Amino acid sequence: MFQLIPAIDIIGGQCVRLTQGDYQQKKVYSSDPLEVAKAFEGAGIQRLHLVDLDGAKAKEIVNAAVLERIASNTSLHIDFGGGVQSDEMIDRAFSAGAAQITAGSIAVRNPELVHSWFKKYGTDKIILGADAYNEQIAVSGWQENSNISIYDFLTDYQAAGAQYVISTDVAKDGLLQGPSFDLYEKIQTNNPGLNIIASGGVANMQDLEQLRAMNLFGVIVGKAFYEGRITLEDLATFAKESLC
């Protein structure tokens, strides 16, 4: 089973997309994220990647109301990220309806805190956000390079029980030039057993099919859908095939 996971990124309560994490390269696609989420659900899609971009910048959840509204009005399995950097914030995310949370920069800066979340909530509830530039972990909305090898980072977290990772090659995100297939192959080789969710660069259905053939856990689809390169009907067909 291969999970198709569309993304909704939120700024000011609206559905937007950035290019390579740059807040200055923002495009608004919908003023109603719930409407977008319901369209995905209607297409037979079961999961949603919801990112509070305001929260990521503020280092605390800003758009909890959007999460709660989508969680209350759909049956989507929502993984939520952006601003989850404290015990208070992770409690708020789960209380608002998140099924999982994505730990990105906080997993680099404060591994002890994330390890405590593993123990409190279970490792299946926490997805590592391992964004990479030149195979090194990028943090703070990709504005900083940590000089930490993505493979070492994942190895350390696997030892603590991590099960899931969303990995974005920063150089690919938002450019519609194809995913970083090589990066995912290397993660599979270096970190076997992780459930890898590919993110960034998907441009067409062929990219989705190639990622599915790699036996990853899933893929996040964003800009290619919003720019019309992949239709809702395409996603519905792919999702049905992937769940067989």
Side-chain angles (χ1 to χ4, degrees), residues 1-7 45-52 55-56 59-61 64 67-68 70-71 75-132 135-139 146 148-169 183-200 211-212 214-220 242-243:
M1 186 181 296
F2 183 72
Q3 298 291 340
L4 177 64
I5 312 170
I45 291 166
Q46 299 180 355
R47 290 178 175 255
L48 177 68
H49 180 61
L50 184 64
V51 182
D52 182 351
K59 295 183 170 52
E60 63 179 13
I61 296 172
L67 167 60
E68 188 167 11
I70 294 174
S75 61
L76 293 167
H77 176 111
I78 303 169
D79 79 76
F80 178 82
V84 184
Q85 300 203 17
S86 67
D87 289 332
E88 179 187 356
M89 291 299 111
I90 193 172
D91 284 340
R92 182 180 295 181
F94 284 133
S95 295
Q100 294 175 297
I101 67 98
T102 302
S105 296
I106 192 67
V108 181
R109 295 202 171 101
N110 195 342
E112 293 81 9
L113 180 60
V114 176
H115 292 167
S116 75
W117 293 347
F118 283 173
K119 293 176 182 176
K120 182 175 181 180
Y121 301 102
T123 56
D124 60 319
K125 293 288 189 178
I126 314 296
I127 304 175
L128 295 176
D131 301 327
E135 300 184 0
Q136 294 184 328
I137 293 290
V139 295
S146 68
I148 299 170
S149 159
I150 185 173
Y151 313 113
D152 293 343
F153 173 79
L154 294 176
T155 296
D156 288 345
Y157 267 103
Q158 273 188 286
Q163 298 184 43
Y164 297 92
V165 58
I166 294 173
S167 184
T168 305
D169 186 336
L183 175 64
Y184 305 130
E185 286 180 356
K186 289 180 180 179
I187 293 174
Q188 285 178 311
T189 299
N190 285 276
N191 305 94
L194 267 181
N195 292 300
I196 302 166
I197 301 169
S199 173
L211 289 167
R212 180 169 60 187
M214 292 174 65
N215 295 316
L216 304 181
F217 178 80
V219 58
I220 291 173
S242 298
L243 294 174

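Note that this is a predicted model, so its numbers are computed, not measured.
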*With Phe80, which of Ile61, Ile90, Thr102 fulfils side chain to side chain contact (heavy atoms under 4.5 Å, CB included)?*
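Passing option: Ile61.
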*Among Leu4, Ile197, Leu216, which one satisfies side chain to side chain contact (heavy atoms under 4.5 Å, CB included) with Leu211?*
Leu216
Heavy-atom side-chain proximity of [X] to [Y] below 4.5 angstrom:
| X | Y | value |
| --- | --- | --- |
| Ile196 | Phe217 | no |
| Met89 | Lys59 | no |
| Asp79 | Tyr164 | no |
| Arg47 | Ile78 | no |
| Asp131 | Ile150 | no |

With a 3.5 Å distance limit and no angle check, can you tell me whether [X] reaches the backbone of [Y] through a side-chain donor-acceptor pair?
| X | Y | answer |
| --- | --- | --- |
| Tyr184 | Ser167 | yes |
| Gln188 | Met214 | yes |
| Asn190 | Lys186 | yes |

*asked:* In this structure, is the centre-to-centre distance between the rings of Tyr157 and His115 below 6.0 Å?
replied: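 So the answer is yes for these two rings.
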_Suppose we screen for side-chain contact (heavy atoms from CB on, under 4.5 Å). Which residues come up paired with Ala99, at least two apart in sequence or across chains?_
His77
_Counterpart residues, side chain to side chain donor-acceptor pair (under 3.5 Å), relative to Asp87 (two or more places apart)_ = Trp117
*asked:* Let's go through Met1 and Ser242 carefully: what are the C-alpha distance in whole Å and the side-chain angles of both, what is the deciding distance for side-chain contact (heavy atoms from CB on, under 4.5 Å) to 0.1 Å, and is it a yes or a no?
replied: CA-CA 6 Å; Met1 186 181 296; Ser242 298; over 6 Å; no
_Salt bridge flag under 4.0 Å for residues Lys120 and Asp91_ = yes
*asked:* Using a strict threshold of under 4.0 Å (side-chain N to carboxylate O), is an ion pair present between Arg92 and Glu60?
replied: no
*Taking all atoms of both residues into account, what is the closest heavy-atom pair of Ala96 and Leu67, and its distance?*
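Looking at all heavy atoms of both residues, the closest pair is CB-CD2, 3.6 Å.
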*asked:* Looking only at the side chains, is there a donor atom on one of Asn191 and Thr155 sitting less than 3.5 Å from an acceptor on the other?
replied: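 The answer is yes; a qualifying pair exists.
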_Evaluate Phe94 against Lys125 for side-chain contact (heavy atoms from CB on, under 4.5 Å), listing each step before the verdict._
CA-CA 10 Å; Phe94 284 133; Lys125 293 288 189 178; 4.0 Å; yes
_Under the ring-ring contact (aromatic ring centres under 6.0 Å, His included) test, residues paired with Tyr151 that sit two or more places apart_ = none
